[in-house]
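Letters go in sequence order (proteins before strands), and every chain restarts at 1.
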Number of protein chains: 2
Amino acid sequence: MPQQIDLLDSEILNDITNTFKALGDNTRAQIVYLLTQEELNVNTICQTVGVSQSTVSHHLAKLRNIRLVKYRRQGNQIFYSVDDSHVAALFREALWHLDHVRQNIPDYPGSHPV
Amino acid sequence: MPQQIDLLDSEILNDITNTFKALGDNTRAQIVYLLTQEELNVNTICQTVGVSQSTVSHHLAKLRNIRLVKYRRQGNQIFYSVDDSHVAALFREALWHLDHVRQNIPDYPGSHPV
DNA sequence: TAAATATATTGATATATGTTCATATATAGA
DNA sequence: TCTATATATGAACATATATCAATATATTTA
């Protein structure tokens, strides 16, 4: 008997893909990875990642909008951090997956499927 | 004292973002989500997700290249499935994160940070 | 071997996205 | 209130990407 297959609801699907999309860019991923370790202000992020203030600010805006990061003002500066522990968990799972992939190279045929 | 901050190595960073990028598209995410539940052939994927065979094949090619899915031929058809359990775990973490975000709406200021 | 079916690939195109430059906003200090 | 500093925003542009149409490849069956 054919088992029941579950499709993602379109609203949830959008939320999911927006989250993954946000992490699917080198600069943003590096920023988020930093913020999983420590709360940082914008200027420190710029210097650590090595990109311009404008670029970092644009990326932080995206990350804010989908609630991947939160922020607080302290005087002149604004400190960012990841919104919850699941963000760090996402990185862990992705790294584990990549480890798995690296260990399984012999299992994967190099040629094309057809 | 300033604690040591860890940057992602550029090769790992690329692998990570390619993985997230692959999941950061509605069609691909839906496909992968289906495949976390059951092994499916291409035609079934087309019908279930509701997109053309060409489009599905393109997406499957991407997912294959970064080893998010594996496949096997059975006669005329090719059956796809997720490469390892961490792929499903990525979805779980993302969904948990979204749950957290939804529950914390009051904690997030609606206005802009500056 | 020919026809049918299943899947992959190529080329073209419209849309999305990352970055830069310039400018605006907000806070602190003189 | 003026200046300096920190961060955000808007416009423009170049590049990346998703989708479609057409075609190619592989397998099965007649």
Q: For C/dT20 and A/Ser54 - does any side-chain N or O of the residue sit under 4.0 Å from the phosphate oxygens OP1/OP2?
A: no
Q: Would you classify A/Asn76 as touching base, sugar-phosphate or nothing, given that sugar-phosphate means primed atoms plus P, OP1 and OP2, and contacts are heavy atoms under 4.0 Å?
A: base
Q: Look at the side chain of B/Val42 and decide which nucleotide, out of C/dT27, C/dT7, C/dT19, has an atom nearest to it.
A: C/dT7
Q: Could you check which of C/dT10, C/dT17, C/dT19 has an atom nearest any side-chain atom of A/His58?
A: C/dT19
Q: Do the side-chain N or O atoms of B/Arg28 get closer than 4.0 angstrom to the phosphate oxygens (OP1, OP2) of D/dA18?
A: yes
Q: Compare side-chain N and O positions of B/Thr27 against OP1 and OP2 of D/dA18 and report whether any pair is under 4.0 Å apart.
A: no
Q: Please pick, from D/dC20, C/dT7, D/dT7, the nucleotide with the shortest atom-to-atom distance to any side-chain atom of A/Ile78.
A: D/dT7
Q: When you get a sec, tell me which of D/dA18, D/dT19, C/dT19 is the closest nucleotide to the side chain of B/Lys62?
A: D/dA18
Q: To the side chain of A/Ser52, which of D/dT7, C/dT20, C/dT9 is closest?
A: C/dT20
Q: B/Ser57 side chain N/O closer than 4.0 Å to the phosphate oxygens (OP1, OP2) of C/dT7?
A: no
Q: Measure the CG-CG distance between A/Asn14 and B/Asn26 for me, rounded to the nearest 0.5 Å.
A: 4.5 Å
Q: Once you measure the plane-to-plane angle for B/Phe20 and A/Phe20, does it fall in the parallel (<30°), tilted (30-60°) or perpendicular (>60°) bin?
A: parallel
Q: Side chain of A/Asp25 only, please: which of D/dT9, D/dA6, C/dG18 is the nearest?
A: C/dG18
Q: Closest to the A/Arg64 side chain: C/dT7, D/dT9, D/dA26?
A: D/dT9
Q: Distance criterion of 3.5 Å, no angle test: do you see the side chain of A/Gln53 paired donor-to-acceptor with the base of D/dA6?
A: no
Q: Please pick, from D/dT27, D/dT7, C/dT7, the nucleotide with the shortest atom-to-atom distance to any side-chain atom of A/Tyr80.
A: D/dT7
Q: When you compare the side chains of B/Gln74 and B/Arg72, does any donor N or O come within less than 3.5 Å of an acceptor on the partner?
A: yes
